Every structure is written in structure tokens, then in C-alpha cells.
K.L.:
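To start, I am sharing the structure in question, which I have written as C-alpha cells.
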Amino acid sequence: MPVISEFFGIRIRMYYLDHEPAHFHVEYGGAHCTYQLDGAPLAGLLPSGRAERLVQRWARKHRFELEANWQRILAGRPIRPIAPLE
């Protein structure tokens with residue numbers, strides 16, 4: 001599963017052949033969570049409120065790129081990396 005971004009120990013992935021609704025996966029501190037493309041949590045909890053806020057801020061900033069990657073996944077095309085938070 002490709003890593004599309006990584007920042008502050010947070011790893012963001014998107015899976016090919018994944019289920020709806022459109023979402024991305026987050027790994028941080030041993031936790032695995034899923035978020036909607038707008039940054040709203042779908043499943044799981046991150047062990048840090050700060051990490052949660054960073055993921056949500058990143059998702060809001062890169063919403064259009066996340067949506068474009070989801071469309072690429074559905075079309076069977078390669079997804080593109082997305083810039084990390086700095």
C-alpha cells in the first residue's frame with residue numbers, strides 16, 4: 001500500500017481496490033486509523049490529540065489532491081504523493 005505523505009511521525013496511505021466511502025489510512029504511534037477525505041475520522045483513534053489535529057489540518061489543505069488520488073485508485077491508475085505539513 002503506497003505511502004502518499006509522511007510528516008511528524010505520521011504516515012498517510014491509500015489502498016488500491018479499497019471500499020467506499022473515499023478515505024485514507026493513518027499510522028502513528030502504533031495506531032491505525034481511517035479518515036474521510038475532509039479529515040473527519042471514520043475508524044480508530046490516534047494516541048495524540050495533536051496528531052489528530054495535524055492529520056485534519058493536512059487533509060483540509062490537500063482535499064483536492066486526496067480526491068484526485070481516490071479517482072486514480074478507482075481508475076486503476078498510479079496515485080501521486082502529497083506534500084507533508086511543514
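When a residue number appears, it is its place in the shown sequence, counting from 1. All of these numbers come straight from a predicted model, not from anything done at the bench.
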K.L.:
Could you state the interatomic distance from CD (Glu27) to NE2 (His25), rounded to the nearest 0.5 Å?
P.N.:
9.5 Å
K.L.:
How far does CE of Met14 sit from CD1 of Ile12, to the nearest 0.5 angstrom?
P.N.:
10.0 Å
K.L.:
Walk me through whether Asp38 and Arg63 qualify under side chain to side chain contact (heavy atoms under 4.5 Å, CB included).
P.N.:
CA-CA 6 Å; Asp38 65 359; Arg63 173 76 185 263; 3.0 Å; yes
K.L.:
Search all heavy atoms of Val55 against all heavy atoms of Phe24 and return the closest pair with its distance.
P.N.:
CG1-CE1, 3.9 Å
K.L.:
For residues 70-86, please give each side-chain donor-acceptor pair under 3.5 Å, one per line with the distance, not counting sequence neighbours.
P.N.:
unit_1 : atom_1 : unit_2 : atom_2 : d
Trp70  : NE1    : Glu20  : OE2    : 3.4
Arg72  : NH1    : Ala68  : O      : 3.4
Arg72  : NH1    : Asn69  : OD1    : 3.1

K.L.:
Please output the side-chain donor-acceptor pairs of residues 42-52 that fall under 3.5 Å, not counting sequence neighbours, one pair per line with the distance.
P.N.:
unit_1 : atom_1 : unit_2 : atom_2 : d
Ser48  : OG     : Arg50  : N      : 3.1
Ser48  : OG     : Ala51  : N      : 3.1
Glu52  : OE1    : Tyr35  : OH     : 2.8
Glu52  : OE2    : Tyr35  : OH     : 3.4
Glu52  : OE2    : Gln56  : NE2    : 3.3

K.L.:
Hey, are the side chains of Glu6 and Arg11 touching, using non-hydrogen atoms and a 4.5 Å cut-off?
P.N.:
yes
K.L.:
For Phe8, which residues count as a ring pair (Phe, Tyr, Trp, His ring centres under 6.0 Å) partner, sequence neighbours excluded?
P.N.:
none
K.L.:
Parallel, tilted or perpendicular: which fits the ring planes of Trp58 and His62, with parallel below 30° and perpendicular above 60°?
P.N.:
tilted
K.L.:
Is the shortest side-chain heavy-atom distance between Val26 and Thr34 below 4.5 Å?
P.N.:
no
K.L.:
Indicate yes or no: at least one non-hydrogen side-chain atom of Ile4 is less than 4.5 angstrom from one of Arg13.
P.N.:
no
K.L.:
Under a single-linkage definition using a 4.5 Å side-chain heavy-atom cutoff for Ile, Leu, Val, Met, Phe, Trp and Tyr, are Val3 and Tyr28 assigned to the same hydrophobic cluster?
P.N.:
no
K.L.:
If you define the side chain from C-beta out and look only at heavy atoms, does anything of Tyr16 sit under 4.5 Å from Pro2?
P.N.:
yes
